[in-house]
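Shown next, in structure tokens, is the structure this report addresses.
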Amino acid sequence: MIELKNVEKYFKKPVRGKGVWGMFKSLFSRKYTVVKAVDGVSFTVHDGESVGYIGANGAGKSTTIKMMSGILTPTGGEILIDGKHPYKSKERNAVLKTIGVVFGQKTQLWYDLPLTETYELLRYIYDVPDDEYKKRLNELIELLDMKSFMDAPVRTLSLGQRMRADLAAAMLHNPKTLFLDEPTIGLDVLVKRNLVDAIKKLKAEYNTTLILTTHAMSDIELLCERVIILDAGKVLFDGSLEEVKHMFGDTRDVKVTCKTVIDGESVKNHFGDAVIKHAAEDGGHSVTFTIDGTKLTTGELLNYMFANYEVADVKISETGIEQVVEKIYEKDRAQGDGTNGEGDARE
Amino acid sequence: MLKELKLYPKYVSMSLRSGLSYKADSFIMMISFAVTEIISLATVYLIVGSVPQIGIWSFNALAFLFGFILVPKAIDHIFTDELWILAYWAVRHGELDIYLTRPINPLYQFVAKTFKWDGIGEFAVGIVIMCIFAPISGIAWSFGSVMVLLLCGFFGIFAFTGIKLIFASLAFWIKSSGIILNTVYNLSSYAKYPLKYMGKAFMSIMFYVIPFGLMLYYPIECLITGVNAWWSVLWSAIAAIVLMTIGLTVWTIGIRRYDSSGN
Ligand SMILES: Nc1ncnc2c1ncn2[C@@H]1O[C@H](COP(=O)(O)OP(=O)(O)OP(=O)(O)O)[C@@H](O)[C@H]1O
Ligand SMILES: [Mg+2]
């Protein structure tokens with residue numbers, strides 16, 4: 001079980017003066033601005049849960065993950081992982097043995113050596129027994145489809161391969177909890193989909209508790225039952241994926257392009273209020289339908305279009321986390337509690 | 001501790017093989033370290049060689065001191081070179097993250113990952129110079145004086161490691177402490193000269209503040225004069241313990257302030 005109790009992390013940034021003299025002065029001055037990266041966050045994650053931890057750029061997601069994984073010490077509040085603090089020197093080793101971490105932006109693999117070398121090292125560091133290590137490594141190679149690049153130096157791997165390799169590295173010691181900070185960053189749609197599927201399989205196989213940050217709503221939809229939305233260091237929403245969908249309305253945009261002119265109005269009439277709106281472009285050759293996902297699937301709409309028009313192109317836009325957050329804001333404001341979106345003392 | 005020791009050969013082997021593609025680089029570095037030291041000794045000869053004796057110090061004795069200092073310096077260089085990266089780069093760029101998420105001492109992981117075998121060049125030059133000048137240095141050789149030399153050489157390693165650890169860890173407060181570390185580290189080169197005659201203030205600094213003089217110069221002075229040699233071993237040992245304690249403390253307090261990086 002992971003418990004965060006009113007956790008805060010403030011970063012001090014020295015105020016830099018202008019010019020050479022200003023820089024010189026700032027060496028001796030104690031002036032700084034405080035960035036409240038995480039500002040009183042509390043939540044509890046139970047064993048086996050999978051939580052999407054989302055929010056706009058700079059919301060404080062990575063900072064929270066870093067505090068939970070022993071990298072940063074909180075400025076205030078308390079973090080307990082199975083009753084122990086990951087940032088206290090006496091307790092950290094016990095906690096760290098039970099967690100695995102992947103940062104999409106950074107790798108823990110040994111750059112010039114084949115993967116197996118890093119894995120061997122990790123095996124020693126985490127005291128994984130020999131037979132267990134072999135069994136697990138084989139399972140992971142199979143699951144993450146890594147056979148083809150096990151012996152290549154890490155620097156020659158593609159981003160997608162490296163990400164899978166990092167995922168395996170974090171799973172080798174059978175951690176109870178896995179923290180993933182933007183594991184799909186920079187991957188193309190297909191590779192991303194494969195990686196998400198692999199994470200899903202890993203989770204099903206080992207019943208790992210999963211905490212994941214991402215900017216792609218689709219990752220969350222595929223992997224998480226619960227969503228925590230962070231904004232300017234504060235928890236804006238904590239609830240089930242269903243609730244989120246319900247809150248911002250499960251709408252999606254489907255853009256259809258045809259050789260002939262599309263009669264948007266007749267499509268709307270056919271589906272009734274399942275099609276919320278339609279916007280024509282390009283003299284009616286392209287129409288973007290905004291549909292209500294609870295009443296109509298993208299597939300149903302497309303089937304209808306294929307049956308009635310000569311469809312040339314289809315574009316389905318993914319809903320971004322930012323849009324979700326925006327929607328929730330709008331709701332907040334509409335309810336008139338007067339919160340504004342600005343965090344205090346931010347850059 | 002046991003785990004760390006058992007893991008060390010693994011780290012060394014990984015470090016050696018991972019540097020393989022840059023082997024030529026390291027080889028050139030090794031030669032250049034060695035050549036630099038030889039040139040530097042030649043410079044000492046040009047300066048001091050014309051004067052027959054500076055107090056108790058003959059050129060031959062100075063040359064022996066020169067060789068002696070190279071040995072602990074080289075050993076420290078081989079094992080803890082990564083501390084320079086801590087001072088200049090790693091804290092500022094948030095590169096300690098991966099060591100902090102693993103259940104084993106992060107300082108150990110960080111330092112163990114680089115094994116700088118190119119330091120062997122300096123080490124060899126040091127040993128050769130000592131062998132050449134030992135018989136003519138004016139030191140009365142006995143079992144005792146060899147022991148003093150070995151022990152002080154061993155503690156001398158921690159003069160370098162301790163100073164590096166202390167000043168590199170300052171980076172946790174000031175982000176980049178490389179320039180400060182470099183300045184302090186370079187004080188070690190003054191231990192090669194007859195400190196005894198270099199002014200009280202400077203000598204005090206080199207003995208009691210940044211104890212390169214106490215740990216590297218003083219033992220050889222004692223061996224030459226033949227007095228206090230065992231005292232110098234004791235002082236070296238105490239200084240080594242003090243430096244390492246301060247260094248580990250500064251690191252331990254500092255790592256709690258570690259900020260990682262924003263991206
Ligand atoms: N090491 C640091 N030093 C100073 N400020 C920092 C540091 N790390 C993060 N911050 C600041 O804290 C805030 C939160 O950053 P964080 O990296 O946690 O955001 P995030 O939610 O992960 O954003 P992103 O989606 O862009 O990854 C930002 O305003 C950032 O500038
Ligand atoms: Mg982030």
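Protein chains get the first letters and strands the later ones, always in sequence-line order, with residue 1 at the start of each. All values derive from a computational prediction rather than experimental measurement.
- A:Asp127 places a side-chain heavy atom less than 4.5 Å from the side chain of B:Lys3.
- The distance between the ring centers of B:Tyr185 and B:Phe160 falls below 6.0 angstrom.
- Side-chain contact of B:Thr114 with B:Asp81: a donor-acceptor pair under 3.5 Å is absent, judged by distance alone.
- Salt bridge present: B:Lys10 and A:Glu117 bring a charged side-chain N and a carboxylate O closer than 4.0 Å.
- Both the backbone and the side chain of A:Tyr124 come within contact range of chain B, with heavy atoms under 4.5 Å apart.
- Contact tally against chain B (heavy-atom pairs below 4.5 Å) for A:Phe11, A:Phe103, A:Trp110: the top residue is A:Trp110.
- Using a 4.5 Å cut-off between non-hydrogen atoms, the part of residues 70-89 of chain A that approaches chain B consists of A:Gly70, A:Ile71, A:Leu72, A:Thr73.
- In this model, a donor atom of one side chain and an acceptor atom of the other lie less than 3.5 Å apart for B:Ser260 and A:Lys66.
- Residue with the most contacts toward chain A among B:Arg256, B:Lys6, B:Arg102: B:Arg102 (heavy-atom pairs, distance under 4.5 Å).
- Using a distance-only test at 3.5 Å, with no hydrogens or angles considered, no donor-acceptor pair links the side chain of A:Thr208 to the main chain of A:Leu210.
- Between B:Tyr190 and the choices B:Phe212, B:Tyr217, B:Phe202, B:Phe207, the ring-ring contact (aromatic ring centres under 6.0 Å, His included) rule is met once, by B:Phe202.
- A:Thr64 and A:Tyr53 are linked by a side-chain donor-acceptor pair at a separation below 3.5 angstrom, with hydrogens and angles left out of the test.
- Ring pair B:Tyr8/B:Phe79 is tilted by interplanar angle, where 30° to 60° counts as tilted.
- A:Leu113 touches chain B through its side chain: at least one heavy atom from C-beta onward sits under 4.5 Å away, while N, CA, C and O do not.
- Residues of residues 239-250 of chain B placed with any heavy atom under 4.5 Å of a heavy atom in chain A are absent; none qualify.
- Summarising the geometry, atom CD1 belonging to B:Ile157 is positioned 10.0 Å from atom OG1 belonging to B:Thr80; distances are rounded to the nearest 0.5 Å.
- In terms of modelled atom types and a separation under 3.5 Å, the side chain of B:Thr161 and the main chain of B:Phe158 share no donor-acceptor contact.
- At a 4.5 Å heavy-atom cutoff, A:Ser62 makes no contact with chain B through either its backbone or its side chain.
- In this view, B:Trp235 satisfies the ring-ring contact (aromatic ring centres under 6.0 Å, His included) rule with no residue, not counting sequence neighbours.
- Side chains of A:Lys203 and A:Thr209 form no contact here, defined as non-hydrogen atoms less than 4.5 Å apart.
- Proximity to chain A (any heavy atom under 4.5 Å) is shown, for B:Ile104, by both the backbone and the side chain.
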Decide yes or no on salt bridge (charged side-chain N to carboxylate O under 4.0 Å, His left out) for B:Glu37 and B:Lys73, but give the supporting numbers first. CA-CA 12 Å; B:Glu37 296 303 345; B:Lys73 185 181 175 192; 3.6 Å; yes
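- In this structure, the portions of B:Lys113 lying under 4.5 Å from any heavy atom of chain A include both its backbone and its side chain.
- Ion pair A:Lys106/A:Asp181 not flagged as a salt bridge, since none of the NZ, NE, NH1 or NH2 atoms sits closer than 4.0 Å to an Asp/Glu carboxylate oxygen.
- The residues A:Lys9 and A:Asp39 are annotated as not salt-bridged, no charged nitrogen and carboxylate oxygen being separated by less than 4.0 angstrom.
- For A:Lys97, the parts lying near chain B are the backbone and the side chain together; criterion is any non-hydrogen pair under 4.5 Å.
- For the pair A:Arg123 and A:Tyr133, the cation-pi test (distance below 6.0 Å, angle within 45°) is passed.
- Interface residues of residues 89-98 of chain B toward chain A, defined by a heavy-atom distance below 4.5 Å and sorted by number: B:Gly94, B:Asp97, B:Ile98.
- With a 4.5 angstrom heavy-atom cutoff, A:Thr63 does not touch chain B via any of its atoms.
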